[in-house]
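Taking it in order: structure first as structure tokens, then the write-up.
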Amino acid sequence: MSSRNSDLAHIFEEIATIYEFLGVENRFRVMAYRKAAYVVEHLTKDVENYLPVKKMVKISGIGPSIAAKIQEYLETGSIKTYEKLRKKVPHDFIDLLKVKGLGPETLKTLHRELGIDTREEFVQALKDGRVESLKGFKSKKVQNIINGLRQKEALEQRILLWDAIKLSQRVISFFKKLPEVQKIAMGGSIRRREETIGDLDLLIQARDKDRPKILKHLQNWEQVKKVLVMGNKKASVMIRPMDRQLDLRLFKAKEWGAGLLYFTGNKEHNIHLRKVAIERGWKINEYGVFEVESGQRLAGRTEKEIYKILDMSWIPPEIRMDRGEIHLAEQGKLPELVKLEDIRGDMQMHSTWSDGRQSIDELAHYVKQHYNYNYIVLTDHSKSSRIARGLDEEQFRAQIKAISAVNEKLGEDFIKAGAEVDILADGSLDLKDDILEELDWVVAAIHSRFNQDNTQRLIKACEHAAVNVIAHPTGRILGQRPSYPVDMLKVIEAAAQTGTALEINAQPTRMDLNENWAFEAQKQGVKMVISSDSHAPDNFEFMELGVAVARRAWCERGHILNTASWQEIEEFKSLKRQQVPLKVAKDGEK
DNA sequence: GCCGTTTTCGGCCCGACTGTTTTCAGTCG
């Protein structure tokens, strides 16, 4: 995402926090800035594209005041209101507000009574007992604040979706041992398949009388490091693996759907649904849909029932973001999202010929045993990728023969010969055209010289007639490095014009394209390929993550090339052959 | 500050738990 969008989102979030701290007369202003921060963060294009102000106010959540501030920021690099506000609040306080147990009222009291301005002074006052001497600050409250400070750092670190999925499977199997557990599910960002995860939200359906036993079961789990909250409907604990907070909520059968809906979110989606309910004189909470006047229950047993009573079709969790999905659900026009079962082949993987752990023979047999695929594409690295022991032209020729031999034994054309060819610094490819012509599928990717502007480099690769797909197009590695410099809108445009596919690389640290770029690509009619990029047997499972990205990007089966038969993929290739010569000639005229 | 097939003013999502109260404020999700 554009860094300007992120900067603005950050500023609006901070403005909201400062107004909250100052106790602004109108608390809804705080909510408005929070909402604006969320909206700006999730725009697909750089904010500049939404100007002028008159056009920008059409975005839901952006009004005249905030649009003007965005314009001010783009023109001058700062926002006067924001600069003024920052001076009114000790700077450390904005950060301290993120500590669990420290809200605006508590911090204000500390500021007023003890004159505390910085984090250091605050920690000191905690140590020497001044905080505890204040009215309303008994030892437990103080202890909670100290714990909150300690946990803040661990909690700020989000974990990869893949790790969270594995962790949640452990949690679920731990509770499934109890016969009292009637239903169990993960809600929150895991169910929505966000790329990184903070907390784990666990929902369990059980009878009222069984609640104590289930809560006790959690409390006694050896993986629980600390109990934060323990009520009779909910509990929060810190669990040891990955140092995560786990929130457990208990529901009756007739509440299950409402609870699941509520704790799946996201927040904006829920608020929108509640507004729809209010218009009809109803209210939605985590226990159901109710008529306000009579208090009569209208729905709640399943999510479907709730959406239905609101005259909507059921909305898949991955797209519950208040991005227009509610409107489409009202019209019954939701996209039919691509499913894992739709995938008919894996189109990037590596063998022992380069940096993979399985031989060609092992790859074929492993996939045939565990997956219901019609084809796989072997895409070992090309010679520039020395660390990955990339192959040269002659080695690829030898590999094509080796593949044929394995296919012959299998009695079908299961393995396709491909390559993951390096895009060199000038945008040319690392393999000669004649070997590229012999391959069934050519994946092109950047693996070096990240720091230059890579837009033209990628566009040139798209314009090469032999290139079928650009792999991990932005190069980001979650938690390690951001995308290299590249104007993805231009690359998406080039992919659309040349009939080149873009990859959704499903490696847990890549997820590249991310959902925003995949959304944009999908809108521009660019075909995408979801690949596991396997280097080892257990990597094939990652396909699920790539499908999740595609679903969050509203992709249907038709947007994803490897839901098609190989014959249809051949048609895709020949379509590019018809398009590209024109494009190259046009460039030559410039 | 935003928003609008009950509109340009008067609303704005809703409940659980904790710690301190003695009926509730603050915080969280």
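Below, chain A is the first sequence line, B the second, and so on; all start at residue 1. A quick note: this is a predicted structure, and the numbers were derived from the prediction, not measured.
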Rounded [atom1] spacing from [N] to [M] in Å:
N: B/dT20; M: B/dG26; atom1: P; value: 14 Å
N: B/dT18; M: B/dT23; atom1: C1'; value: 15 Å
N: B/dA25; M: B/dT21; atom1: C1'; value: 9 Å
N: B/dT8; M: B/dC3; atom1: P; value: 16 Å
N: B/dG1; M: B/dT5; atom1: C1'; value: 24 Å
N: B/dC13; M: B/dG29; atom1: C1'; value: 12 Å

At under 4.0 Å, does any side-chain N or O of [X] touch on OP1 or OP2 of [N]?
X: A/Ser236; N: B/dC28; result: no
X: A/Tyr287; N: B/dA16; result: yes
X: A/Lys283; N: B/dG15; result: yes

For [X] and [N], what is the distance between atoms [atom1] and [atom2] respectively, to the nearest whole Å?
X: A/Leu246; N: B/dG29; atom1: CG; atom2: C1'; result: 14 Å
X: A/Lys108; N: B/dG26; atom1: NZ; atom2: C1'; result: 11 Å
X: A/Asn266; N: B/dG29; atom1: CG; atom2: P; result: 16 Å
X: A/Glu268; N: B/dC2; atom1: CD; atom2: P; result: 16 Å
X: A/Arg211; N: B/dA16; atom1: CZ; atom2: P; result: 10 Å
X: A/Glu20; N: B/dG1; atom1: CD; atom2: C1'; result: 15 Å
X: A/Met230; N: B/dG19; atom1: CE; atom2: C1'; result: 17 Å
X: A/His272; N: B/dC12; atom1: NE2; atom2: C1'; result: 14 Å

Open item on the list: Against the six-membered ring of A/Phe519, is A/Arg323 placed for a cation-pi contact (under 6.0 Å from the centre, within 45° of the normal)?
Closed with: yes
Open item on the list: Both conditions, 6.0 Å and 45 degrees, for the charged tip of A/Lys35 above the ring of A/Tyr38: are they met here?
Closed with: no
Open item on the list: If you assign A/Gly103 and A/Lys141 each to the DNA chain B nucleotide with the nearest heavy atom, which residue ends up on the more 5' nucleotide?
Closed with: A/Lys141
TODO: Specify the residue among A/Val229 and A/Gly61 whose closest nucleotide of DNA chain B lies further upstream toward the 5′ end.
DONE: A/Gly61
What nucleic acid atoms does [X] come within less than 4.0 Å of, heavy atoms only: base, sugar-phosphate, or nothing?
X: A/Gly101; result: sugar-phosphate
X: A/Val99; result: sugar-phosphate
X: A/Leu102; result: sugar-phosphate
X: A/Ile59; result: sugar-phosphate
X: A/Gly188; result: nothing

[X] side chain, from C-beta outward: closest of [options]:
X: A/Asn285; options: B/dC17, B/dG15, B/dT20; result: B/dG15
X: A/Arg274; options: B/dG29, B/dC2, B/dC13; result: B/dC13
X: A/Met31; options: B/dC3, B/dG29, B/dC13; result: B/dC13
X: A/Glu286; options: B/dG15, B/dC14, B/dC2; result: B/dG15
X: A/Lys233; options: B/dA16, B/dG1, B/dG26; result: B/dA16
X: A/Ile66; options: B/dG1, B/dC13, B/dT21; result: B/dG1
X: A/Lys138; options: B/dG29, B/dG15, B/dT20; result: B/dT20
X: A/Ile278; options: B/dG1, B/dC14, B/dG19; result: B/dC14
X: A/Asn144; options: B/dT18, B/dG29, B/dG1; result: B/dT18
X: A/Pro104; options: B/dC3, B/dC2, B/dT27; result: B/dT27

- [ ] Kindly indicate, with the supporting measurements, whether the criterion side chain to side chain donor-acceptor pair (under 3.5 Å) is fulfilled by A/Glu13 and A/Tyr33.
- [x] CA-CA 6 Å; A/Glu13 183 62 42; A/Tyr33 274 105; over 6 Å; no
Open item on the list: Just to verify, which of A/Glu194, A/Glu325, A/Glu303, A/Glu268 counts as forming a salt bridge (charged side-chain N to carboxylate O under 4.0 Å, His left out) with A/Arg320?
Closed with: A/Glu303
TODO: Return yes if the base of B/dG15 and the side-chain atoms of A/Tyr262 contain a donor-acceptor N/O pair under 3.5 Å, otherwise no.
DONE: no
TODO: For the residue pair A/Ser483 and A/Arg476, confirm or rule out a side-chain donor-acceptor distance under 3.5 Å.
DONE: no
TODO: Name the orientation class of the two ring planes belonging to A/Trp221 and A/Phe175 (parallel below 30°, tilted from 30 to 60°, perpendicular beyond 60°).
DONE: perpendicular
Task: Separation of A/Leu260 CG from A/Trp256 CH2 (nearest 0.5 Å) - done: 5.5 Å
- [ ] Could you tell me whether a side-chain N or O of A/Glu20 sits under 3.5 Å from a main-chain N or O of A/Ala16, the two making a donor and an acceptor?
- [x] no
- [ ] Sort out the partner of B/dT27 for me: Watson-Crick or G-U wobble, both distances under 3.5 Å, none otherwise.
- [x] B/dA16
